[in-house]
Amino acid sequence: MEIKLAKTAGFCFGVRRAVDTVYDQVSKGGSPIYTYGPIVHNEQVVQDLEARGVQVLKDQKELAELAKGTVIIRAHGVGRAVYEQLEQGGISYVDATCPFVKKIHRIVERESGNGRQILIAGNPSHPEVEGIRGWCQGEVRVLESPEEAEKFIASPGKKLCLVAQTTFNYNKFKELVEIISKKGYDIIVLNTICNATEERQTEAKRIASEVDAMIVIGGKNSSNTQKLFEICKKECENTYYIQKLVDLDLKTASSIRSVGITAGASTPNKIIEEVQKHVRNQL
Ligand code: F3S
């Protein structure tokens, strides 16, 4: 009997790094710890941190009320104004912005500084996009759909630079690039999409095609977990979608010789390990 655990299951590199940073700070003790926004979209993690005294700051208004403590900036990153506010307020902070996001900040800062208008392929209300916007000088446009790209008109003579939110869909990005490119502007296009999601999906597909049963762990509302489930189900009819170990009702028929496990981007390691251990004991 074999268990195949996906290497890419659960947190991506950037989120893991940010979550580890918070636990690290907690273990050091001392001043109150805050995260600027929830560190990850997973209730259990946020609750566990809350129980250890970590509080979540919603916005710059709440940040302004802070007199002491350490603020941790999450993987999505924030705009320049938040850093300035932290520095002016003399609040200590730990920057856990994912390096891939940081790279986008540096690009838009430089290119908008050189006079280019920044276009961001992404979801305008996503915190990562807000953060990227916050490093641009001058006008910024966020494009989410082909229709928006079609309608876009740059000011005469304006040079452009197009980047993408790290989790933007690659095919959609290609489509937007094609539309904008046809308009004949002087434009620099930088594909800043991170491949963590794609790698997770590719590995899940491969494992699901090799095993007799597949377990996908993640929140019911998590769109990336739903997608993983769909991909796995196509390869392996016997695919289970669970949020926690208690949801698992694995039929251990003698025909099951191998089980694969993967998990969505916000599933903590602890849950993945629990499931793995349980399956191992059951088989
Ligand atoms: Fe994760 Fe950083 Fe990519 S947060 S999805 S590794 S950009």
Side-chain angles (χ1 to χ4, degrees), residues 6-25 35-46 49 56 71-79 82-83 93-109 118-136 142 144 161-174 176 189-205 216-219 221-229 231 262-272:
K7 285 193 194 74
T8 53
F11 294 168
C12 61
F13 150 78
V15 170
R16 182 165 300 150
R17 183 172 165 272
V19 172
D20 287 350
T21 304
V22 184
Y23 280 99
D24 228 47
Q25 289 295 319
T35 59
Y36 192 81
I39 198 76
V40 57
H41 291 293
N42 181 282
E43 266 176 47
Q44 282 135 312
V45 177
V46 175
L49 286 169
V56 177
V71 175
I72 297 161
I73 298 171
R74 60 184 172 171
H76 295 319
V78 293
V82 176
Y83 289 91
Y93 65 90
V94 182
D95 191 355
T97 306
C98 175
F100 301 131
V101 177
K102 200 95 213 153
K103 194 177 127 199
I104 305 177
H105 293 173
R106 297 287 86 90
I107 292 170
V108 299
E109 186 185 21
I118 304 298
L119 305 179
I120 308 168
N123 169 355
S125 53
H126 193 284
E128 180 192 323
V129 173
E130 274 173 42
I132 298 170
R133 262 177 178 278
W135 285 95
C136 302
V142 182
E144 199 174 15
C161 171
L162 172 65
V163 295
Q165 182 183 341
T166 55
T167 47
F168 202 69
N169 177 286
Y170 177 64
N171 289 329
K172 240 169 108 182
F173 179 68
K174 263 196 340 205
L176 297 189
V189 175
L190 294 156
N191 174 4
T192 49
I193 295 172
C194 165
N195 50 12
T197 310
E198 201 192 317
E199 279 173 9
R200 189 181 301 110
Q201 291 174 354
T202 310
E203 193 189 20
K205 186 173 182 214
V216 180
I217 317 164
N221 299 324
S222 149
S223 59
N224 79 85
T225 312
Q226 283 164 12
K227 181 90 190 152
L228 273 183
F229 174 70
I231 291 169
T262 188
S266 47
T267 308
N269 250 351
K270 209 172 119 215
I271 299 180
I272 304 171

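Ligands are counted one by one from 1 in listed order, and the atoms in each one are counted from 1 as well. Numbering starts at 1 and runs along the sequence shown. Predicted model, so just to flag it, every value in this text is computed and none were measured.
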(message) Can you confirm whether the side chains of Thr8 and Glu199 place a donor and an acceptor under 3.5 Å from each other?
(response) no
(message) Can you classify the ring geometry of His126 versus His76 as parallel (below 30°), tilted (30 to 60°) or perpendicular (above 60°)?
(response) perpendicular
(message) Around atom NZ of Lys102, are there more than 12 heavy atoms from other residues, nucleotides or ligands closer than 6.0 Å?
(response) yes
(request) Work out how many protein N, O or S atoms lie closer to atom 3 (Fe) of ligand 1 than 2.8 Å. (result) 1
(message) What I'd like to find out is whether the side chain of Tyr93 reaches to under 4.5 Å of the side chain of Val78, using heavy atoms alone.
(response) no
(message) I'd like to know if Arg106 pairs up with Glu109 as an ion pair, taking the criterion as any Lys NZ or Arg NE/NH1/NH2 lying under 4.0 Å from an Asp or Glu carboxylate oxygen.
(response) yes
(request) Applying ring pair (Phe, Tyr, Trp, His ring centres under 6.0 Å), name anything that partners Tyr170, two or more places apart in sequence or on another chain. (result) none
